[in-house]
Amino acid sequence: MRGKMEDIILASASPRRRELLDQIGISYRVVVSREEEKIKGDTPAEVVQKLAWNKAQDVTLNLQVKKKLVLGADTVVVWNNQILGKPAGEEEAFEMLTDLQGKIHQVYTGVALVYLDHEGKLKGTCFYEETQVEVYPMNEEEIRTYLATKDYTDKAGAYGIQGAFGAYIKGIRGEYSNVVGLPLGRLYQEMKKIHLELEGKMR
């Protein structure tokens, strides 16, 4: 089955998502969406799904290639019912990590799998996964030392669990890869369903 999951289109410039797809043997090419990331929705689950769908839809409609699966994704960190996106700079990153240290927060990743069928109609599916992340207490010096690595840049919540910040992760409940940027287990299962359609019904 993995042999059939080839040449999907990743509507994301994230190197972390590329690494995750490489990890489970899915080949792809990158076409970055031009869709502006505007947070819309009443809940984090709605927000990440809408952002993911908009990215995948944008690339799909621009390319106009039938039966080609496009993957869109978006990840946000949530603490105290507040969505933490990517920090604008070091001071905002410091504020985010000050809030997260010593506490439990949530990471939501929305995923959209979109394609044009043989008639050119837009089809696909969208879902999200949530992971609970607990962070050890951190003092100001520890936060500043981490920020000095610049590992926080371009990361929701101002940290990357797979990098130096791993020293402060006390535990997680849910899928680890979801925190990195893609819930690989759920993604693989959803892709299997769609590829059955692409290989079967759409012939």
How close do Ala11 and Gly72 get, heavy atom to heavy atom, and via which atoms?
CB-CA, 4.4 Å
For the pair Ser177 (side chain) and Leu182 (backbone), establish whether a donor and an acceptor sit closer than 3.5 Å, ignoring hydrogens and angles.
yes
Give a yes or no on whether a salt bridge exists between Arg144 and Glu141, defined as a side-chain N under 4.0 angstrom from a carboxylate O.
no
Let me see the working for Glu19 and Val180 under side-chain contact (heavy atoms from CB on, under 4.5 Å), right down to the final yes or no.
CA-CA 10 Å; Glu19 290 169 1; Val180 181; 6.0 Å; no
When rounded to the nearest 0.5 angstrom, what is the spacing between NZ in Lys123 and CG in Leu116?
10.5 Å
Would you say Asp58's side chain and Ser33's backbone share a donor-acceptor pair under 3.5 angstrom?
no
Checking side-chain polar atoms at under 3.5 Å, does Asp22 have a donor or acceptor matched by the opposite partner on Tyr28?
yes
Give the minimum heavy-atom separation between Val48 and Tyr108, together with the two atoms involved.
CG1-O, 3.7 Å
Determine whether a donor-acceptor pair (N or O, by modelled atom type, separation under 3.5 Å) exists between the side chain of Glu175 and the backbone of Thr131.
no
Is the backbone N or O of Trp79 less than 3.5 Å from a side-chain atom of Gln82, with the two atoms forming a donor-acceptor pair by type?
no
Mind checking who shares a hydrophobic cluster with Val70, ILVMFWY linked at side-chain heavy-atom distances under 4.5 Å?
Ile9, Val31, Val59, Leu63, Val65
Main chain of His118, side chain of Lys66: is a donor-acceptor contact present, judged purely on distance under 3.5 Å?
yes
What is the distance from atom NZ of Lys55 to atom CG of Asp74, rounded to the nearest 0.5 Å?
4.0 Å
Starting at CZ of Arg29, measure out to NZ of Lys68 and round the result to the nearest 0.5 Å.
6.5 Å
Intermediate values then yes/no, side-chain contact (heavy atoms from CB on, under 4.5 Å), Leu20 and Leu187:
CA-CA 11 Å; Leu20 288 171; Leu187 171 65; over 6 Å; no
Would you check if the distance from the ring center of Tyr152 to the ring center of Tyr146 is below 6.0 Å?
no
Tyr128, OH: over 12 other non-hydrogen atoms inside 6.0 angstrom
no
For Gly110 against Ala52, the heavy-atom pair lying closest together
O-CB, 3.4 Å
Please report the C-alpha distance between Lys150 and Glu90 in whole Å, then the side-chain angles of each, then the deciding distance to 0.1 Å, and finally whether the salt bridge (charged side-chain N to carboxylate O under 4.0 Å, His left out) criterion is met.
CA-CA 9 Å; Lys150 303 298 181 182; Glu90 185 170 322; 3.5 Å; yes
Does Arg34 reach the side chain of Asn62, with side-chain heavy atoms less than 4.5 Å apart?
yes
Output the distance between atom CD (Glu142) and atom OH (Tyr136), rounded to the nearest 0.5 Å.
12.0 Å
Heavy-atom closest pair (Val114 atom, Ala56 atom, distance to 0.1 Å) is CG2-CB, 3.6 Å
What distance separates Leu147 CG from Glu140 CD, expressed to the nearest 0.5 Å?
10.0 Å
Atom CG in Leu21, atom CZ in Arg16: separation rounded to 0.5 Å?
13.0 Å
Going by side chain to side chain donor-acceptor pair (under 3.5 Å), name the pairs with one or both residues in residues 92-104, residues two or more places apart or in two chains.
none
Can you find a pair of side-chain heavy atoms, one from Phe165 and one from Leu97, that are under 4.5 Å apart?
yes
Side chain to side chain, Val111 and Glu190, heavy atoms closer than 4.5 Å:
no
Apply side-chain contact (heavy atoms from CB on, under 4.5 Å) to the pair Val107 and Ile172, showing each step before the final yes or no.
CA-CA 10 Å; Val107 177; Ile172 66 171; over 6 Å; no
Decide yes or no on side chain to side chain donor-acceptor pair (under 3.5 Å) for Gln132 and Glu130, but give the supporting numbers first.
CA-CA 7 Å; Gln132 303 276 337; Glu130 174 190 351; 2.9 Å; yes
Hey, is the main chain of Ala45 close enough, under 3.5 Å, to the side chain of Gln49 for a donor-acceptor pair?
yes
side-chain contact (heavy atoms from CB on, under 4.5 Å) between His105 and Leu84, intermediate numbers included:
CA-CA 10 Å; His105 64 272; Leu84 306 181; over 6 Å; no
Determine yes or no for a side-chain-to-main-chain donor-acceptor pair under 3.5 angstrom, with Thr109 supplying the side chain and Asn178 the backbone.
yes
How about Val30 and Arg17: do any of their side-chain heavy atoms sit closer than 4.5 Å?
no
Between Pro183 and Phe127 the two heavy atoms that sit nearest each other are CG-CE1, 4.0 Å
Nearest heavy atoms of Gly163 and Asp151, plus distance in Å:
CA-OD2, 3.9 Å
Output yes when a side-chain donor or acceptor of Asn54 lies under 3.5 Å from a complementary backbone atom of Lys50, and no otherwise.
yes
Kindly work out whether a path of hydrophobic side-chain contacts (I/L/V/M/F/W/Y, heavy atoms less than 4.5 Å apart) joins Met138 to Ile104.
no
Give a yes or no on whether Leu10 and Val32 share a hydrophobic cluster (residues Ile, Leu, Val, Met, Phe, Trp, Tyr; joining criterion: side-chain heavy atoms under 4.5 Å apart).
yes
